[in-house]
Amino acid sequence: MDHNPANWGRPRADVYGPYNAAIHNAGPMARTQQPSITGTSVIAIKYNNGVMLAADNLASYGSLARFTDQERLIKVGEETVVGLSGDVSDMQYIQNLLERLIIEDNYEQDGHHLRAPHIYEYLSRVMYNRRSKIDPLWNAILVAGKKDDGSPFLAYVDLLGVTYSAPTIATGFGAYLAIPLLRKLAANDGDEKNITQEQARAAIDECMKVLFYRDARSLDKYSVATVKTDGQVTIEKDVRCKDMSWRFAEGIRGYGNQQL
Amino acid sequence: MRQQAMSSRMIYNRPIPVSRIASAIGDKAQRNTQTYGRRPYGVGLLVAGFDETGPHLFEFLPSGTVLEYFGAAIGARSQSARTYLERNFDQFPEASLEDLILHGLRALRDTLAQDKQLLSQNTSIGIVGLDTKFTLYDNDDVREWLEKLGDVGSTRGRPQPVEPEPAATEDAPIADAPPPETDTVEPIETDD
């Protein structure tokens, strides 16, 4: 009889070999996942007094347009907006992280607040560290706000931990379809000084229309966030694509080269 | 403290606010006063820095208390310095950098034991501010400031100047008596 309590309930070592204690420390297997519910492009452009972002309200379940009320632009703290595309459950987790970050930062009540560059640095660290564990948060994120010198701030970080900053950024399909249109206004760093808010808005609306035409996982209802360098943040909801032309659909028979 | 500062830079890309680094070390010290088998830290600190909310000066004590001041002094004979600072702190907000340094040196001079002097070997000056990264004046760099100060000797054991006669009173003017004799034990120099 084995009198050692540690071995009770375990297979006999002389029959099955030594007991592998690693069983006790094993967590769930975490490997590169697949996103399940996803949001599509987020687009953004800097202008003279701030940054403007847009993202549609669709959360797709593969090819099913499952949820048409998903808000993907979130206000963080007082002066920052974060736009997320990709897996929605990871997006909600990040939202929770950011909320806790702001709450804990406010404990001290010492007049110091986290602003866009700080939130961006924090998110980049989180994203990169997750990718380094081969357990990524399956998102592409845009962070918009203002820099310490008062100029507009716009930067990107994604599931690979890739980071960059530019006057115009877009995730997903937007990178292919929207960026060329946005770059007509702001091609290089510094061009944003010559863009008015109205011009930026017009460019954003046009891009969202093009994305609805061509991105098969998009929606014509979207939100537009404006983050001004004076600290004002507005998120306009339920914006719809206007003046679209679907007349080309009349003449279509079948799919692609299919002859019907 | 360095770890906290590095951590703030790494995670948030910002220099840590002075109040937070002071309270972080304060919390660490307090834990030692309440945990079985541990002893309090045997140091007090003055933490000075400049962050987004302006210049800050904190005194840290081994009890874990952290207090913010306009002017502070710590150490064996720091009470004289504290008295000087208390008398003059109204002038600090409007003072130029040079005046502030001279105030500091005068406060420090008041802590000297009898027959001791402020010298470039026993005095250091550190400054930090809006567009000034932390700068340390040591050894030869201090000499210029000591020259500006002028009198670098201890004020203990010397007859104090007679107070001017108060106007329109009938009382006889009061002259300050010379301060009491200093202790005979050779004190340790306090470097700031």
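Keep in mind that what you see is a predicted model, and the values were worked out from it rather than measured.
In this view, A116(A) and T80(A), V143(A), F153(A) satisfy the side chain to side chain contact (heavy atoms under 4.5 Å, CB included) rule, not counting sequence neighbours.
Atom CD of E86(B) has 12 or fewer heavy atoms from other residues, nucleotides or ligands within 6.0 Å. With a 6.0 Å radius and a threshold of 12 heavy atoms from other residues, nucleotides or ligands, E104(A) has its CD atom above the threshold. Around NZ of K28(B), the count of heavy atoms belonging to other residues, nucleotides or ligands within 6.0 Å does not exceed 12. Other residues, nucleotides and ligands place more than 12 heavy atoms under 6.0 Å from the CZ atom of F134(B).
Of all residues in residues 119-128 of chain A, those placing a non-hydrogen atom less than 4.5 angstrom from a non-hydrogen atom of chain B are E121(A), Y122(A), R125(A). Contact annotation for residues 161-200 of chain A against chain B (heavy-atom separation below 4.5 Å): no residues qualify.
Counting only residues at least two apart or on different chains, the salt bridge (charged side-chain N to carboxylate O under 4.0 Å, His left out) pairs with a member in residues 140-158 of chain A are E79(A)-K146(A), R115(A)-D148(A).
Contact annotation: the side chain of S23(B) approaches that of E108(A) to within less than 4.5 Å [non-hydrogen atoms, C-beta and beyond]. Side-chain atoms of D105(A) and Y12(B), non-hydrogen and from C-beta on, never get closer than 4.5 Å to each other.
In this structure, no portion of N129(A) lies under 4.5 Å from any heavy atom of chain B.
Between T53(B) and D110(A), the shortest heavy-atom distance links the atoms CG2-O, 4.0 Å.
Of the listed residues (R20(B), R14(B), M10(B), E52(B)), the one with the most heavy-atom contacts under 4.5 Å to chain A is R20(B).
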